[in-house]
Novice: 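Got a structure for you, questions after.
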Amino acid sequence: MLQLNFIREKRDYVIERLGVKHFKDAEQVIDEIIASDNKRRNTQTELDKIKSESNSLAKQIGIMYKQGEAAKAEELKKQTAVCKEREKELSEQLAECEAHVRELLLTVPNLPNENVPLGKSSEDNVVEVQKGEIPQLQEGAKPHWDICAEYDIVDFELGNKITGAGFPVYKRKGAKLQRALINFFLDEAEANGFTEVQPPLMVNENSAMATGQLPDKEGQMYSIPLDGYYMIPTAEVPVTNIFRDTIQKEKDLPLQYCAYSQCFRREAGSYGKDVRGLNRLHQFDKVEIVCIDTPEHSYEQLEKMKNHVAGLLEKLELPYRILRLCGGDMSFTSAITYDFEVWSAAQQRWLEVSSVSNFETYQSNRMKLRYKNSEGKTVLAHTLNGSALALPRIVAALLENHQTPTGVNIPKALQKYTGFDKID
RNA sequence: GGAAAGUUGGCAGAGUGGUCGAAUGCGGCGGUCUUGAAAACCGUUGAUCUUCACGGGUCCGGGGGUUCGAAUCCCUCACUUUCCGCCA
């Protein structure tokens with residue numbers, strides 16, 4: 001959520017930046033927000049005056065009773081009736097204004113950072129780096145879903161029977177590879193200074209609201225209506241919410257956390273070859289990194305997170321590239337996002353395996369995540385997160401890029417985790 | 001699932017209808033003392049809205065109610081603890 005004061009002070013800038021994100025009717029919405037807030041302020045000022053009056057009357061009445069001047073007190077009581085009525089009116093009006101402003105604010109996305117490229121779709125994203133050698137595969141190289149079947153390591157049919165599409169069963173060396181990757185990612189994160197946590201896989205409404213999944217992306221999450229919970233689409237939600245409604249000390253920043261979790265996404269609207277095999281699942285495993293930092297240092301921190309992710313891909317010997325997403329392709333809550341993609345040799349295309357973002361104060365404003373700065377002022381912190389990494393497409397890329405006629409080679413860095421060096 | 005007791009500032013913990021945003025202790029911060037530190041002593045120390053400012057408003061788990069007046073009484077929801085039941 002954007003900060004009201006910021007919108008008031010930088011109206012034109014806000015509208016211009018929202019244009020980069022292709023937010024419709026920016027001018028109209030922003031002006032309505034400002035107008036509603038003006039009304040809110042006037043109402044509040046008036047209400048405060050009335051309340052101040054009631055308070056002092058009540059005090060006088062109290063004193064009179066104590067001094068045994070009951071008759072005088074009764075007289076004053078009559079006066080309070082008028083105040084009360086007006087108070088009720090005004091506080092209703094105030095609540096209405098507040099609700100309206102909030103409702104509008106929730107529809108406004110985060111502003112893109114100055115470095116965000118202009119553009120509408122994924123074609124306008126900027127390729128920052130490309131690293132690693134694109135492998136030349138042998139004749140008859142297979143896509144990962146065929147490899148999975150050949151070595152019986154991921155069973156999609158079985159998952160269909162038990163649950164439905166997008167819930168595969170990992171078997172044998174496939175299951176071990178999952179465990180190995182999770183441990184590898186967690187160990188690497190820890191070595192880079194991230195503290196491991198294991199969060200709940202379901203969250204309540206407040207948490208989902210704070211990180212931006214609610215109110216409007218409800219259809220993307222699985223919900224448990226009986227208890228009012230949601231299955232997490234990413235560990236970002238529970239881990240960032242650890243810090244909801246807190247005031248941190250500046251000397252404790254940056255906070256750096258990592259968490260393994262399973263993630264659940266409905267993926268409504270997806271179809272076609274994009275969803276084949278491990279490309280898009282309803283349940284998948286991911287190690288997430290989450291950071292809280294000051295506005296002064298958050299972009300440094302973002303670089304650190306990018307380097308961490310790049311290091312993982314290099315150790316897995318996978319060719320990858322880093323994209324800086326354009327305004328039209330970024331998520332609602334992000335100020336800047338870098339996507340990591342690995343080359344899928346058999347599918348002949350790039351697969352997104354990580355997304356690293358700085359949300360600046362957008363999430364922290366929703367969740368009241370603040371810190372005391374060196375001047376002793378309480379200000380909003382910046383939140384950042386990234387996947388490090390999501391498993392399914394990594395598995396797909398490992399299987400495809402490292403396949404040989406006699407089996408799939410496991411990268412050296414991973415061998416001590418898997419306990420085997422080849423899937424055959 | 002049943003029963004009971006709780007939820008107060010960073011923490012511990014007073015406060016059961018009136019000047020209580022809240023005693024006290026601990027912790028934090030600043031200072032005195034000290035070569036330095038500790039101890040001791042002194043001072044200071046919640047958040048938030050509004051106002052150029054003075055000031056004013058709100059917040060004692062969340063929401064609602066009673067009352068001229070609520071941390072304090074009532075309703076409701078959530079959570080915590082203990083006992084019983086069930087159980088990996």
Side-chain angles (χ1 to χ4, degrees), chain A residues 1-9 33-105 198-210 214 223-230 238 241-253 255 262 292 361 364-381:
Chain A
M1 204 157 66
L2 296 180
Q3 290 168 265
L4 253 179
N5 282 339
F6 187 80
I7 291 177
R8 299 181 67 99
E9 282 162 25
I33 288 172
I34 294 173
S36 291
D37 187 50
N38 284 337
K39 190 176 171 197
R40 191 206 105 234
R41 288 184 181 202
N42 293 336
T43 309
Q44 168 127 35
T45 308
E46 205 179 327
L47 179 61
D48 286 356
K49 265 188 212 157
I50 302 271
K51 280 194 167 166
S52 171
E53 211 172 300
S54 310
N55 285 345
S56 82
L57 280 173
K59 264 182 195 171
Q60 287 176 45
I61 291 170
I63 293 168
M64 285 174 183
Y65 274 122
K66 268 197 177 159
Q67 296 174 340
E69 301 178 80
K72 261 171 127 179
E74 290 300 323
E75 199 54 39
L76 270 188
K77 270 195 196 180
K78 285 177 196 156
Q79 282 186 42
T80 61
V82 185
C83 288
K84 261 192 115 176
E85 199 166 312
R86 185 78 183 125
E87 228 179 285
K88 202 182 163 197
E89 243 171 71
L90 284 170
S91 55
E92 272 166 19
Q93 194 181 319
L94 183 68
E96 254 170 57
C97 292
E98 279 172 351
H100 188 56
V101 170
R102 183 174 166 80
E103 206 177 290
L104 288 171
L105 276 176
Q198 232 181 67
L201 302 183
M202 296 182 198
V203 293
N204 59 30
E205 201 176 300
N206 283 341
S207 295
M209 182 75 79
L214 292 180
S223 62
I224 294 95
L226 196 58
D227 298 287
Y229 296 154
Y230 295 89
N241 270 283
I242 291 174
F243 309 102
R244 167 154 55 89
D245 293 319
T246 62
I247 299 175
Q248 302 294 327
K249 292 175 185 153
E250 184 167 10
K251 69 173 165 63
D252 293 336
L253 302 180
L255 299 167
Q262 302 199 303
I292 316 290
T361 58
S364 58
N365 190 33
R366 275 202 192 183
M367 70 170 80
K368 298 218 165 14
L369 197 188
R370 294 163 295 173
Y371 74 100
K372 246 194 180 83
N373 69 14
S374 47
E375 292 160 16
K377 267 196 166 177
T378 305
V379 295
L380 292 173

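Protein chains get the first letters and strands the later ones, always in sequence-line order, with residue 1 at the start of each.
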Novice: Would you mind pulling out the nucleotide paired to C41(B), Watson-Crick or G-U wobble, both distances under 3.5 Å?
Specialist: G31(B)
Novice: Using purine N1 to pyrimidine N3 plus N6-O4 or O6-N4 for Watson-Crick, or N1-O2 and O6-N3 for G-U wobble, both under 3.5 Å, which nucleotide pairs with G69(B)?
Specialist: none
Novice: What's the closest nucleotide to the Gln44(A) side chain, out of C68(B), U50(B), U58(B)?
Specialist: U50(B)
Novice: How is Lys372(A) classified with respect to the nucleic acid when contacts are heavy atoms under 4.0 Å: base, sugar-phosphate, or nothing?
Specialist: sugar-phosphate
Novice: Heavy-atom nearest nucleotide on RNA chain B for Thr378(A) versus Glu53(A): which residue maps closer to 5'?
Specialist: Thr378(A)
Novice: Would you mind checking if Glu89(A) and Arg86(A) are paired as a salt bridge, meaning a charged N to carboxylate O distance below 4.0 Å?
Specialist: yes
Novice: Is Asn55(A) close enough to C68(B) that one of its side-chain N or O atoms is under 4.0 Å from OP1 or OP2 there?
Specialist: no
Novice: Starting the side chain at C-beta, find the nucleotide from C68(B), A47(B), C79(B) nearest to Ile247(A).
Specialist: A47(B)
Novice: What is the distance, to the nearest angstrom, from the CD atom on Gln60(A) to the P atom on G69(B)?
Specialist: 14 Å
Novice: Using the P atom as the reference point in each nucleotide, state the distance between A39(B) and A78(B) in Å, no decimals.
Specialist: 47 Å
Novice: Checking side chain to side chain contact (heavy atoms under 4.5 Å, CB included) between Leu90(A) and each of Asp48(A), Ile50(A), Thr45(A), which is the one that passes?
Specialist: Ile50(A)
Novice: Partner of C83(B) by Watson-Crick or G-U wobble geometry, both contacts under 3.5 Å, or none?
Specialist: G2(B)
Novice: Whole Å only: how far is the CG atom of Asp252(A) from the C1' atom of G10(B)?
Specialist: 12 Å
Novice: Just checking Leu76(A): base, sugar-phosphate only, or nothing, at a heavy-atom cut-off of under 4.0 Å?
Specialist: nothing
Novice: U58(B), G18(B), G56(B): which one has an atom nearest the side-chain heavy atoms of Asp48(A)?
Specialist: G56(B)
Novice: Measuring only the P atom in each nucleotide, how far is G2(B) from A70(B)? A whole number of Å is fine.
Specialist: 35 Å
Novice: Nearest-Å distance, CD (Gln79(A)) to P (U67(B))?
Specialist: 19 Å
Novice: Less than 4.0 angstrom from a charged side-chain N to a carboxylate O is my criterion; do Glu46(A) and Lys49(A) meet it?
Specialist: no
Novice: Nearest to the side chain of Ala58(A), heavy atoms from C-beta on, is which of U50(B), U48(B), G69(B)?
Specialist: G69(B)
Novice: Can you see if the side chain of Arg370(A) gets near the phosphate of A47(B) - specifically, an N or O under 4.0 Å from OP1 or OP2?
Specialist: no
Novice: In whole angstrom, what separates Glu46(A)'s CD from U58(B)'s P?
Specialist: 16 Å
Novice: Who does A22(B) pair with, Watson-Crick or G-U, both distances under 3.5 Å?
Specialist: none
Novice: Could you tell me if Ser207(A) and Asn204(A) have a donor-acceptor pair between their side chains, going purely by distance under 3.5 Å?
Specialist: yes
Novice: Would you indicate whether the side-chain heavy atoms of Tyr229(A) and Val203(A) approach each other to under 4.5 Å?
Specialist: no
Novice: Counting only side-chain heavy atoms from C-beta out, which of G57(B), U19(B), C68(B) sits nearest to Ile61(A)?
Specialist: C68(B)
Novice: To the nearest angstrom, how far is Arg41(A) atom CZ from G57(B) atom C1'?
Specialist: 15 Å
Novice: Ignoring the backbone of Lys84(A), work out which of A47(B), G69(B), G57(B) is nearest its side chain.
Specialist: G69(B)
Novice: Without decimals, in angstroms, what is the distance between Lys249(A) NZ and A47(B) P?
Specialist: 13 Å
Novice: My understanding is that a pair needs two contacts under 3.5 Å, Watson-Crick or G-U wobble. By that rule, which nucleotide pairs with U7(B)?
Specialist: A78(B)
Novice: Which residue, Leu57(A) or Leu47(A), contacts RNA chain B at a nucleotide closer to its 5' end, judged by nearest heavy atom?
Specialist: Leu47(A)
Novice: Whom does A47(B) pair with, Watson-Crick or G-U wobble, provided both distances fall under 3.5 Å?
Specialist: U58(B)
Novice: If you compare every side-chain N and O of Arg40(A) against the phosphate oxygens of U50(B) (OP1, OP2), does one of them come in below 4.0 Å?
Specialist: yes
Novice: Under a 4.0 Å threshold between the charged nitrogen and the carboxylate oxygen, would Arg40(A) count as salt-bridged to Asp37(A)?
Specialist: yes
Novice: Sort out the partner of U16(B) for me: Watson-Crick or G-U wobble, both distances under 3.5 Å, none otherwise.
Specialist: none
Novice: In whole angstrom, give the distance that lies between atom CD of Glu98(A) and atom P of G57(B).
Specialist: 17 Å
